Amino acid sequence: METLHKMMKRNVTVLFCLIALLLSFPVQAFQFRDTTGKIHKLADYKGRWVLVNFWATWCPPCLKEIPDLIALYEQRKDVIVIGVAMDVDDPKVVMDFVKSMSITYPIVLGDRKIASQLDDVSLLPSTYFFDPEGNPAARQQGIISRESIEEFIESKSNKKSLNQKH
C-alpha cells in the first residue's frame with residue numbers, strides 16, 4: 001500500500017510540476033533547418049504534439065533524457081521531437097554523438113539566434129511543447145521523461161474531451 005501511495009504522490013508531483021510550467025512563451029512559430037537540410041516549421045506539424053528539446057553533448061541530464069525522446073518519436077505517431085544541439089563549437093562532435101546514440105529524430109545545430117525563436121534558453125535541457133493546434137502548451141527547464149510527457153499529453157487530451165462533451 002505504501003508503494004502505491006508513493007507512486008501516486010510522485011505522479012501527482014510530476015503532473016503538478018508540468019502544469020506549473022504552463023507558462024506561455026513569447027513566440028509561437030519557428031523555422032529550423034536540421035542536419036539533413038530539411039526545414040521544420042511549427043505549421044508543418046498540425047495535428048501532432050511538437051517537442052523542441054534544447055540539449056548539448058556535455059550535459060549529463062540532457063543525455064539521460066535522449067532514450068525517452070527517441071522512444072516517443074519512434075513509438076507515438078502523434079508526437080514529433082526536434083532536438084536542438086547547443087554545441088556550437090564543433091558540429092562533428094554533435095553528429096558523432098547523434099550516430100553513437102542512434103538518435104532518429106531530427107537534429108538542428110543550434111545557437112542563441114536559433115534558440116531565440118522560442119525563448120532565451122538559459123538552462124539545458126529545456127523542452128518546449130506545442131499542442132496539436134500549434135499553440136504553446138508548456139515548457140520544461142531541466143530533465144524530462146517519457147512518462148511525464150505522456151501524462152501531460154493525456155491530461156490535456158482528457159481535459160479537451162471533457163470540454164467537448166459540455
Side-chain angles (χ1 to χ4, degrees), residues 14-74 76 78-153 155-156:
V14 166
L15 199 55
F16 176 76
C17 288
L18 280 172
I19 290 169
L21 289 169
L22 285 175
L23 308 170
S24 64
F25 32 99
V27 178
Q28 294 189 25
F30 59 77
Q31 181 170 315
F32 300 133
R33 180 183 306 273
D34 72 20
T35 55
T36 69
K38 182 179 178 188
I39 301 289
H40 298 270
K41 293 183 272 184
L42 184 58
D44 295 339
Y45 299 110
K46 287 280 188 203
R48 295 171 78 184
W49 288 90
V50 178
L51 279 67
V52 180
N53 177 258
F54 291 88
W55 65 283
T57 59
W58 47 261
C59 165
C62 301
L63 308 186
K64 186 173 184 196
E65 67 186 8
I66 286 173
D68 278 1
L69 295 174
I70 292 169
L72 273 169
Y73 178 74
E74 291 181 349
R76 289 192 64 140
D78 63 334
V79 174
I80 179 75
V81 176
I82 301 170
V84 182
M86 298 299 284
D87 298 78
V88 292
D89 295 338
D90 193 349
K92 184 177 178 348
V93 168
V94 173
M95 296 314 298
D96 288 347
F97 182 81
V98 166
K99 188 175 181 180
S100 74
M101 289 287 291
S102 301
I103 297 174
T104 51
Y105 52 83
I107 297 294
V108 174
L109 298 175
D111 57 27
R112 289 218 177 269
K113 184 178 179 197
I114 288 169
S116 71
Q117 293 180 63
L118 295 183
D119 201 357
D120 178 24
V121 177
S122 57
L123 177 70
L124 295 178
S126 286
T127 303
Y128 294 80
F129 297 85
F130 296 88
D131 70 18
E133 286 78 46
N135 300 311
R139 98 177 161 193
Q140 169 71 35
Q141 293 184 312
I143 196 165
I144 195 135
S145 69
R146 177 182 180 166
E147 179 185 12
S148 62
I149 293 166
E150 289 182 325
E151 286 175 4
F152 178 77
I153 290 171
S155 75
K156 292 294 167 192

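Worth knowing before you read on, the calculation uses all heavy atoms, side chains too, and leaves out hydrogens, waters and symmetry mates. Predicted, not measured: the structure shown is a model, and the values here were computed from it.
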Quiz prompt | Under 3.5 Å donor-acceptor, R33 side chain and K38 backbone | solution = no

Practice problem: Hey, could you give me the CZ/CG distance between F32 and L42, rounded to the nearest 0.5 Å? | Solution: 9.5 Å

Practice problem: Please confirm whether the backbone N or O of I39 pairs with a side-chain atom of Q31, one donor and one acceptor, at under 3.5 Å? | Solution: no

Self-check item: Criterion side chain to side chain contact (heavy atoms under 4.5 Å, CB included) on F130 and I80, from CA distance to verdict
Solution: CA-CA 10 Å; F130 296 88; I80 179 75; over 6 Å; no

Practice problem: Can you sort out the partners of Y105 under ring pair (Phe, Tyr, Trp, His ring centres under 6.0 Å), two or more places apart, ordered by chain and number? | Solution: none

Quiz item: Parallel, tilted or perpendicular: which fits the ring planes of F97 and W55, with parallel below 30° and perpendicular above 60°?
Solution: tilted

Quiz item: Could you state the interatomic distance from OG (S155) to CD (E150), rounded to the nearest 0.5 Å?
Solution: 12.0 Å

Quiz item: Can you tell if the side chain of Q140 reaches within under 4.5 Å of the side chain of F152, non-hydrogen atoms only?
Solution: no

Exercise. Using a strict 4.0 Å threshold on nitrogen-to-oxygen distance, state whether K156 and D131 make a salt bridge.
Key: no

Quiz item: Just wondering, do I144 and F129 contact through their side chains at under 4.5 Å, heavy atoms?
Solution: yes

Quiz item: How about I103 and Y73: do any of their side-chain heavy atoms sit closer than 4.5 Å?
Solution: no

Quiz prompt | D34 versus P106, closest heavy-atom pair with distance | solution = OD2-CB, 3.8 Å

Quiz item: Any Lys/Arg nitrogen of R76 or D78 sitting under 4.0 Å from an Asp/Glu carboxylate oxygen of the other?
Solution: yes

Quiz item: Between D68 and S145, which heavy-atom pair has the shortest distance, and what is it?
Solution: OD2-CA, 3.4 Å

Quiz item: Distance from D89 atom CG to D111 atom CG, nearest 0.5 Å?
Solution: 11.5 Å

Quiz item: Can you tell me how far the NE2 atom of H40 sits from the CD1 atom of I82, to the nearest 0.5 Å?
Solution: 5.5 Å

Practice problem: Identify the heavy atoms of S122 and Q141 that sit nearest to each other, and give their distance. | Solution: OG-NE2, 4.3 Å

Exercise. Verify, without hydrogens or angle tests, whether D90 (side chain) and K92 (backbone) share a donor-acceptor contact under 3.5 angstrom.
Key: yes

Quiz item: Where is the tightest heavy-atom contact between I107 and A85, given as atom of each residue plus distance?
Solution: CG2-CB, 4.5 Å

Quiz item: What distance do S116 atom OG and D120 atom CG have between them, rounded to the nearest 0.5 Å?
Solution: 8.5 Å

Quiz item: Okay, side chain of R146, backbone of E65: is any donor-acceptor separation there less than 3.5 Å?
Solution: no

Quiz item: Given side chains that start at C-beta, do those of I153 and V79 come closer than 4.5 Å, heavy atoms only?
Solution: yes

Practice problem: For M86 and A115, work out which heavy atoms get closest and say how close. | Solution: CE-CB, 4.0 Å

Practice problem: Please examine the side chains of P125 and F54, heavy atoms only from C-beta on, and report whether any two atoms are closer than 4.5 Å. | Solution: no

Exercise. Compare every heavy atom of M101 with every heavy atom of I70, then report the nearest pair and how far apart it is.
Key: CD1-O, 3.6 Å

Exercise. Look up atom CG in L123 and atom SG in C59, then write down how far apart they are to the nearest 0.5 Å.
Key: 8.0 Å

Practice problem: Please examine the side chains of D96 and T57, heavy atoms only from C-beta on, and report whether any two atoms are closer than 4.5 Å. | Solution: no

